[in-house]
*Asks:* 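Encoded as structure tokens, here's the structure I'll be asking about.
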Number of protein chains: 2
Amino acid sequence: MKIVIVGGTGTIGKAVAKELGQRHRIIVATSHGEHKVDMTSVQSIEKMYQSISDIDAIIITAGKISFKPLAVITPEDYQIGFDNKLMGQVNMVLIGQRYLKENGSFTLTSGRLSDDPVRSGSNGSVVNAAINSFVKAAAIELPKGMRINAVSPTIIEESKHHYEAFFRGFEPVPAARVALAYSKSVEGAQTGRVYPVG
Amino acid sequence: MKIVIVGGTGTIGKAVAKELGQRHRIIVATSHGEHKVDMTSVQSIEKMYQSISDIDAIIITAGKISFKPLAVITPEDYQIGFDNKLMGQVNMVLIGQRYLKENGSFTLTSGRLSDDPVRSGSNGSVVNAAINSFVKAAAIELPKGMRINAVSPTIIEESKHHYEAFFRGFEPVPAARVALAYSKSVEGAQTGRVYPVG
């Protein structure tokens with residue numbers, strides 16, 4: 001298969017590339033480099049799809065959210081998560097449905113905050129739940145046998161030092177374990193599913 | 001209690017006003033009339049809170065979403081649901097946390113599309129799931145003993161003729177039954193809960 005990983009240079013993206021790279025051709029798309037994509041721009045997404053032909057699977061492991069206490073978070077802070085992690089991924093699907101090969105698959109990334117909230121995490125909760133629900137809804141409307149799933153990881157062992165103070169008591173998982181869920185989505189046959197990891 | 005119902009002239013809002021009006025003082029806020037509020041404007045929400053003192057409970061039964069096939073829905077269509085039903089309700093809480101009385105409550109409205117998708121319903125799925133997750137996240141950060149819950153109704157008996165063609169096989173519930181969930185949220189003591197009805 002020809003698999004595009006958007007955000008393939010991040011902690012999860014690299015582990016997914018390593019897992020799937022053993023059996024498939026991997027193309028890494030990032031905000032800079034050979035295969036460029038800015039997920040907040042529909043023009044940029046359109047251009048990426050036009051420049052890479054015959055894609056079997058799109059995996060997205062990128063997306064920004066706001067992280068602020070409920071007492072001070074603003075509508076503009078919320079919009080950051082909507083424009084980046086949420087609509088960035090949704091637009092990769094809305095546009096991608098016209099470019100992906102028959103029986104191709106989309107695998108999105110959400111996160112456990114959807115059901116397991118922490119202080120300052122409301123934007124993450126909202127965005128992750130929205131992504132999980134989007135894959136359930138999109139799965140019943142995608143054309144040409146296309147499939148869509150989401151991986152919902154908890155905090156990652158390799159990058160936990162950045163934010164573990166906000167996630168006390170959450171058991172970190174190695175990125176290699178999270179990568180297995182992407183393999184299940186891409187190499188399996190399920191659709192409309194959310195795979196929680198950790 | 002002094003209870004404000006935003007959208008109190010709609011099918012659900014009227015049933016909620018009837019149920020809770022038996023025991024409490026009800027103020028209905030709409031886009032026109034004595035108590036005005038435009039949920040898409042933070043200035044308008046701020047003004048509403050400044051004009052009504054000592055609110056014990058806010059109930060929101062208003063909010064617009066887009067309803068279009070996945071093949072043609074656009075980022076702008078998605079933004080309609082974000083600006084109206086989602087951020088309209090979120091902003092009523094973000095601003096309201098500074099105005100509500102101690103131990104006051106917020107009750108938001110989502111809908112069963114979050115987990116039970118239909119064709120053309122992806123924006124509704126995403127928005128409703130986001131609202132459900134917001135109440136779980138906000139519940140752990142609200143100040144002064146404030147509570148928050150969401151009611152997630154299926155299609156309503158009294159208004160089903162508008163959209164039943166999109167919801168074949170969904171069992172309609174009378175608005176009076178949905179109203180009971182709002183009573184449970186406002187008059188009970190739970191927080192961070194989603195009450196599915198139907």
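Residue numbering restarts at 1 for every chain, and letters A, B, ... go by the order of the sequence lines.
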*Asks:* Can you say whether B/P143 sits under 4.5 Å from chain A via the side chain, the backbone, both, or neither, judging by heavy atoms?
*Replies:* neither

*Asks:* Taking ring-ring contact (aromatic ring centres under 6.0 Å, His included) as the cut-off, I'd like each qualifying pair that reaches into residues 56-77 of chain B, sequence neighbours left out, listed once.
*Replies:* B/F67-B/F166

*Asks:* Any link between B/L108 and B/L180 through a network of hydrophobic side chains (Ile, Leu, Val, Met, Phe, Trp, Tyr) touching at under 4.5 Å?
*Replies:* no

*Asks:* Membership question, hydrophobic clusters at under 4.5 Å side-chain separation (ILVMFWY): are A/I80 and B/F134 in the same one?
*Replies:* no

*Asks:* Please tell me whether B/V42 and B/L94 are part of a single hydrophobic cluster in this structure, the criterion being side-chain heavy atoms less than 4.5 Å apart.
*Replies:* yes

*Asks:* Does any heavy atom of chain B fall under 4.5 Å from the side chain of A/I73, the backbone, both, or neither of them?
*Replies:* both

*Asks:* With chain A, which of B/L142, B/I140, B/L113 has the greatest number of heavy-atom pairs at distances under 4.5 Å?
*Replies:* B/I140

*Asks:* Please identify each residue that fulfils ring-ring contact (aromatic ring centres under 6.0 Å, His included) with A/F106, with sequence neighbours left out.
*Replies:* none

*Asks:* Answer with side chain, backbone, both or neither: which region of B/V118 has an atom nearer than 4.5 Å to a non-hydrogen atom of chain A?
*Replies:* backbone

*Asks:* Give the cluster check for B/I55 versus B/M39: same hydrophobic cluster or not, with ILVMFWY residues linked at side-chain heavy-atom distances below 4.5 Å.
*Replies:* yes

*Asks:* Would you mind checking chain B against chain A for donor-acceptor pairs under 3.5 Å and listing them?
*Replies:*
unit_1	atom_1	unit_2	atom_2	d
B/L70	N	A/E141	OE1	3.1
B/L70	O	A/Q97	NE2	2.9
B/Q79	OE1	A/Q79	NE2	3.1
B/Q79	NE2	A/Q79	OE1	3.1
B/Q97	NE2	A/L70	O	2.9
B/S114	O	A/S133	OG	2.8
B/D115	OD1	A/K136	NZ	3.3
B/S120	N	A/E141	OE1	3.2
B/S120	N	A/E141	OE2	3.0
B/S125	O	A/S133	OG	2.9
B/S133	OG	A/S114	O	2.8
B/S133	OG	A/S125	O	2.9
B/K136	NZ	A/D115	OD1	3.3
B/E141	OE1	A/L70	N	3.1
B/E141	OE1	A/S120	N	3.2
B/E141	OE2	A/S120	N	3.0

*Asks:* Measure the CG-CG distance between B/L86 and A/L86 for me, rounded to the nearest 0.5 Å.
*Replies:* 9.0 Å

*Asks:* List the residues meeting ring-ring contact (aromatic ring centres under 6.0 Å, His included) with A/F82, not counting sequence neighbours, and say none if there are none.
*Replies:* B/F82

